[in-house]
Amino acid sequence: MMSAVSRESYAAAGERLAAYAAGAPAEAVAATAEEILSLASLLAGEPRLRRALSDPAREGQDRAGLLRSVFAGKVGAATIDLLSALVVGRWSSAELLNAVERIGVDALLAAADLGGELAEVEDELFRFGQVVDGSPELASTVSDSSALPERRIALVHSLLVGKARPVTVRLAELAVRGFGGRNFAAGLSRLVELTAERRERQVAYVTVASPLSELAQGRLATALSGIYGREMSLRFTIDPRILGGISVQVGSDLYDGTVARRFVDTRNALVAR
């Protein structure tokens with residue numbers, strides 16, 4: 001999680017990205033995103049350079065000048081401009097790496113937005129997570145950080161290429177690589193949330209024993225929108241083990257009204273007597 005100062009630094013880079021995406025075609029923004037994500041991978045393996053670009057003893061413009069001297073002619077002007085907007089801010093070495101990766105993802109999502117694909121990408125990412133969760137063997141393989149990332153990414157490709165949009169495949173790769181220092185499941189969930197945020201929505205993970213009617217879904221979305229003050233993106237998981245009722249998670253907030261939860265509470269109350 002970013003510090004308050006880092007969030008301000010990231011907001012400035014985010015504004016720069018918004019201005020760039022507003023005047024560039026989707027293909028150009030996507031190419032810039034790929035350059036940024038490639039540089040994030042490079043910085044992950046170059047701790048000395050990362051420390052230099054986040055060195056608090058240097059002035060911000062000095063750090064930006066260092067970045068330009070290292071990468072000028074190797075990546076496009078838009079990539080240099082966006083990363084310069086990042087490095088002039090205050091970051092720890094680890095925070096800077098996460099911020100570079102995040103701005104690459106945001107650029108990728110901006111390109112998908114320009115192409116009218118955001119809703120589909122969000123849906124594909126969530127459904128891929130459900131497929132993985134539904135297979136313990138697959139979940140173990142994809143999440144195994146001791147295995148080479150390339151092998152796990154090849155598995156992801158075999159499951160997604162030709163069935164999902166290229167942006168979805170790229171984001172799934174980032175989840176495998178540990179987006180933002182997270183494990184696969186947490187990284188994928190965060191990418192779903194960032195995709196929803198780009199659509200000015202908040203994700204609500206809803207678990208039910210059987211599918212809700214469209215009317216019930218609409219009522220739930222309206223109720224949650226009233227609580228959180230923004231449109232909601234409902235993501236449903238069907239789990240008969242909860243027996244009935246509903247569980248809703250929005251960020252760190254969990255509303256568990258399932259029958260299974262009530263059974264547990266009743267049993268605990270009886271044991272405590």
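If you read the sequence from its start, that first residue is 1, and numbering goes on from there. In this text the structure is predicted, and so the values were computed from the model without any measurement. The figures that follow rest on heavy atoms only: side chains count, while hydrogens, waters and symmetry mates do not.
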Handout entry: Separation of D123 CG from R235 CZ (nearest 0.5 Å)
Key = 4.5 Å
Exercise for the section: Walk me through it: do N183 and S145 pass the test side chain to side chain contact (heavy atoms under 4.5 Å, CB included)? Expected result: CA-CA 8 Å; N183 61 30; S145 59; over 6 Å; no
Practice task
Go through the steps for T79 and L39 under the test side chain to side chain contact (heavy atoms under 4.5 Å, CB included), then give the verdict.
Solution key: CA-CA 9 Å; T79 298; L39 291 188; 4.0 Å; yes
Handout entry: Rounded distance (nearest 0.5 Å) linking atom OH of Y10 with atom CH2 of W91
Key = 8.0 Å
Practice task
Treat each ILVMFWY residue as a node, draw an edge where side-chain heavy atoms are under 4.5 Å apart, and state whether L108 and I103 are in one component.
Solution key: no
Practice task
Keeping the roles fixed (side chain from R262, backbone from G257), state whether a donor-acceptor pair exists under 3.5 Å.
Solution key: yes
Problem - Flag for S93-R51: side-chain donor and acceptor within less than 3.5 Å - result: no
Practice task
Check the hydrophobic clustering (I, L, V, M, F, W, Y; side-chain heavy atoms under 4.5 Å; chains of links allowed) and say if L234 and F126 are grouped together.
Solution key: no
Practice task
Tell me whether V203 is reachable from Y255 by hopping between hydrophobic residues (I, L, V, M, F, W, Y) whose side-chain heavy atoms are closer than 4.5 Å.
Solution key: no
Handout entry: Straight-line distance of L188 CG to E193 CD, nearest 0.5 Å
Key = 10.0 Å
Exercise for the section: Might you point out which heavy atoms bring S9 and R90 nearest each other, and give the distance in Å? Expected result: OG-N, 3.4 Å
Problem - Lys/Arg N to Asp/Glu carboxylate O, R127 vs E124, below 4.0 Å - result: no
Handout entry: L82 backbone acceptor or donor facing R16 side chain under 3.5 Å
Key = no
Practice task
Show your working on salt bridge (charged side-chain N to carboxylate O under 4.0 Å, His left out) between R199 and E231 and close with a plain yes or no.
Solution key: CA-CA 9 Å; R199 300 173 60 219; E231 287 191 59; over 6 Å; no
